[in-house]
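Note sheet for the following structure.
Letters go in sequence order (proteins before strands), and every chain restarts at 1. Just so it is clear, the values below take in all heavy atoms, side chains as well, and ignore hydrogens, waters and symmetry mates.
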Amino acid sequence: MTTPLLAVRDLRRYFPIKRGVFGRVTGHVRAVDGVSFHVGAAETLALVGESGCGKSTTGRAILRLIEPTSGSVTFDGEDVLALDGARMRKLRRRMQIVFQDPFSSLNPRMSIGSIVREGLIIHHIAEGAAADARVRQLLEEVGLRSEYASRYPHEFSGGQRQRVGIARALSVEPSFIVCDEPVSALDVSVQAQVVNLLQDLQRDRGLSYLFIAHDLSVVEHIADRVAVMYLGHIVEMAPVQRVFSVPLMPYTQALLSAVPAPEPGLKHSRILLAGDVPSPANPPSGCVFHPRCQHPARDAACAGIVPPLEEKAPGHFAACIKQTPTTVSWEQQKSAGGTKPPELFVPPSLAAATY
Amino acid sequence: MTAPLLEIESLRTYFYTDAGVARAVDGVSLRVDAGETVGVVGESGCGKSVTALSILRLILPPGRIEAGSAIRFEDKNLLEMTEREVQRVRGNRISMVFQEPMTALNPVFTVGDQIAEVARIHAGMSKRDAAAKAVEMLKLVGIPAPEQRANEYPHQLSGGMRQRVVIAMALVMNPALVIADEPTTALDVTIQAQILELLADLTRRLGTSVLLITHDLGVVAEHCTRVIVMYAGEVVEETITTGLFSAAHHPYTEGLLGAMPRIGRHAERLATIPGTVPPPTAWPVGCRFRDRCQYAWDRCEREHPPLYQIDVAHVSRCHLAEEPERRAHPHPPLAAERGASAA
């Protein structure tokens with residue numbers, strides 16, 4: 001097996017909760033609570049989940065824009081978390097990020113030409129006239145006219161600003177880009193333009209993406225593999241067709257069934273989750289999803305046993321002790337108070353409605 | 001035929017800005033019948049939210065509803081009413097659910113007090129009755145432990161819970177019409193499903209009409225009987241929902257449907273609509289979509305298309321209705337030739 005471009009192991013990021021005038025730490029928000037995954041060369045791994053599941057924190061922790069609490073991140077053989085400031089800055093040339101909000105992520109006082117140029121200068125890639133030429137080339141490449149280099153961000157629409165953000169990321173010739181909800185602030189017609197651009201760039205430059213998103217239809221379109229996060233954990237990870245056709249984690253099943261189907265009459269039976277996502281400061285015991293789970297075999301064992309992210313089918317990982325096959329034996333489950341043996345559960349309506 | 005509950009006729013809402021007159025809503029006509037859920041879709045800047053605010057007369061200067069517009073609700077023209085009369089309609093007969101529940105709620109009052117306020121002002125209830133009504137409404141919208149929740153402040157509730165509170169406030173007076181402006185856009189998809197089911201269930205039980213404003217065609221497909229597509233301040237297509245998805249007529253609608261990635265449909269590339277919406281201070285003459293349209297021809301430049309009747313209950317603002325053979329010859333739109341860069 002070849003080594004992946006990016007390998008993340010047991011990554012954690014806890015945020016302290018401070019109370020009172022002395023800022024006494026009374027607990028921790030476990031935003032990211034032990035996630036492991038890898039991204040191969042020219043591959044797109046999508047990280048999906050709802051607000052507060054830890055997907056953006058994961059993306060930022062990999063680039064050390066937020067320092068992880070523990071875990072390891074290996075990029076092209078280098079231990080990212082062990083690097084000092086100077087060497088980390090150097091590595092950032094190869095690992096870039098495109099942010100969600102194209103309005104707050106561009107400096108309003110800089111022309112878009114200087115925004116894109118900045119990386120070239122800092123990383124000593126080009127100077128003077130050569131840098132200007134490179135900026136023009138980059139703008140053309142993302143579908144903006146090079147004459148616009150002297151204009152300012154407020155003169156552009158949301159989709160065009162997002163193109164500037166992409167040109168800025170590309171300027172230093174990275175091999176890996178964290179795309180943090182890059183299209184969720186855009187209208188659907190503009191979103192399609194940006195999604196196509198990201199795919200073209202990947203094909204032409206062999207880029208790898210960690211594509212963070214909550215919109216499952218965009219993810220299905222762009223991703224090779226999908227990791228589903230819930231309350232700081234990866235609960236399912238598989239090739240994209242597997243996740244959308246045979247989702248094994250009950251949470252993924254509910255998430256997919258909640259997407260409104262743009263076909264009138266084709267109303268699939270919806271799994272309506274009860275209640276809200278619990279607080280990551282005080283997550284449920286055992287399986288973090290168990291209080292809202294609809295699996296027919298859910299029982300006391302789910303509250304007692306932390307489910308391992310285990311391989312249920314080749315390349316298809318899920319964290320559910322009730323979904324067969326499982327390495328957590330029925331005996332173990334019974335001793336944790338289990339009363340219902342594990343069984344394979346995929347709502348038939350779900351697979352039928354989407355495929 | 002019974003009179004429609006709400007009938008808007010050639011509504012024009014203009015904003016007089018330093019950059020010129022922004023014709024945000026420019027001749028919109030639509031109707032909502034009793035018990036019906038009508039969707040209004042379109043992208044940012046198409047005028048859908050300004051249409052909603054105009055119905056409630058919530059347009060502030062430099063905005064103005066132009067003379068010649070009419071908004072008839074329960075047989076009265078809202079635009080001819082005094083402010084006092086409009087206040088009796090607002091919150092009473094027509095209420096609104098906004099996109100952002102955090103800004104729609106007052107952070108310094110408990111949610112119970114805010115719901116009770118509606119009952120006290122509009123129904124003249126006593127403090128005690130209004131407080132009881134607030135708890136009853138919280139229960140109706142499925143908030144667990146409503147007696148305790150009534151004493152909590154908005155920041156103590158999750159986004160989904162807050163939106164339930166906003167819906168509770170909107171339904172206190174059992175209005176005939178609820179205008180929901182992107183009610184679930186700020187919410188996660190599983191919470192969105194809960195809230196839309198709740199809204200559909202309650203309005204069905206109470207017989208309330210809903211004008212649902214959204215950019216999400218999936219939401220429209222599941223919840224609306226009729227749909228109105230807006231572009232550049234105008235209605236460009238209107239039909240029953242099934243018709244929109246099986247037989248969209250207007251090239252803009254066609255483009256929207258193609259640009260939307262759909263689970264289970266494996267497209268190599270997404271279709272795009274090149275270019276961007278023109279600024280509302282300078283709508284092009286002729287067809288406003290023509291620069292982005294793959295069928296546009298010289299007529300589209302000269303002649304502003306009217307709403308053509310395509311079928312029973314299906315209208316479209318496109319000259320293709322008269323020259324359908326041109327659909328067989330698409331060409332790259334002008335905006336694509338100019339590049340995506342027309343700022």
Next item on the list: Report the option among B:Gly142, B:Gly258, B:Ser158 that has the most heavy-atom pairs separated by less than 4.5 Å from atoms of chain A.
Entry: B:Ser158
Next item on the list: Return the minimal non-hydrogen interatomic distance between B:Pro261 and A:His221, and the atom names on each side.
Entry: CB-CB, 4.3 Å
Margin query: Distance check, rounded to the nearest 0.5 Å: A:His214 atom NE2 versus B:Asp188 atom CG?
Written below: 7.0 Å
Checklist line | Close side-chain approach of A:Ser189 and B:Glu43, heavy atoms under 4.5 Å | finding: yes
Item checked: Over all atoms of both residues, closest heavy-atom pair of A:Glu220 and B:Ile263 -> OE1-CA, 3.3 Å
Margin query: Taking every non-hydrogen pair under 4.5 Å, which of B:Met161, B:Arg262, B:Met260 racks up the most with chain A?
Written below: B:Arg262
Checklist line | Contact class of A:Val195 relative to chain B, heavy atoms under 4.5 angstrom | finding: side chain
Note to self: For the backbone of A:Leu273 and the side chain of B:Gln194, can you confirm whether one donor and one acceptor N or O come within less than 3.5 Å of each other?
What the structure shows: yes
Note to self: Do B:His223 and A:Pro260 have side chains that approach each other closer than 4.5 Å (heavy atoms only, starting at C-beta)?
What the structure shows: no
Next item on the list: Find the distance between CG (B:Leu270) and OG (A:Ser217) and round it off to the nearest 0.5 Å.
Entry: 9.0 Å
Check: Does the A:Asn196 side chain pair with the main chain of B:Arg269, one donor and one acceptor, at a distance under 3.5 Å?
Finding: no
Margin query: I need the B:Ile273 CD1 to A:Asp187 CG distance, nearest 0.5 Å.
Written below: 9.5 Å
Check: Would you find more than 12 non-hydrogen atoms of other residues, nucleotides or ligands less than 6.0 Å from B:Gln148 atom CD?
Finding: no
Checklist line | Contact summary for B:Ala193 and A:Ala258, nearest pair of heavy atoms | finding: CB-CB, 4.0 Å
Notebook entry, point to check: In terms of heavy-atom proximity below 4.5 Å to chain B, should A:Arg161 be classed as side chain, backbone, both, or neither?
Noted result: neither
Margin query: Counting only non-hydrogen atoms closer than 4.5 Å, does A:Gln199 touch chain B with its backbone (N, CA, C, O), its side chain (CB onward), both, or neither?
Written below: side chain
Item checked: Minimum-distance pair of heavy atoms, taken over all atoms of B:Thr190 and A:Glu50 -> OG1-OE2, 2.5 Å
Next item on the list: Under 4.5 Å heavy-atom distance to chain B, tell me which part of A:Glu147 shows up: side chain, backbone, both or neither.
Entry: neither
Checklist line | Non-hydrogen atoms of A:Ala192 and B:Ala259 that approach each other most closely | finding: CB-O, 3.6 Å
Next item on the list: Can you measure from CD (A:Gln191) to OG1 (B:Thr272) and round to the nearest 0.5 angstrom?
Entry: 12.0 Å
Next item on the list: For B:His215 and A:Val188, run side chain to side chain contact (heavy atoms under 4.5 Å, CB included): C-alpha distance rounded to whole Å, both residues' side-chain angles, the deciding distance at 0.1 Å, then the answer.
Entry: CA-CA 8 Å; B:His215 67 279; A:Val188 60; 6.0 Å; no
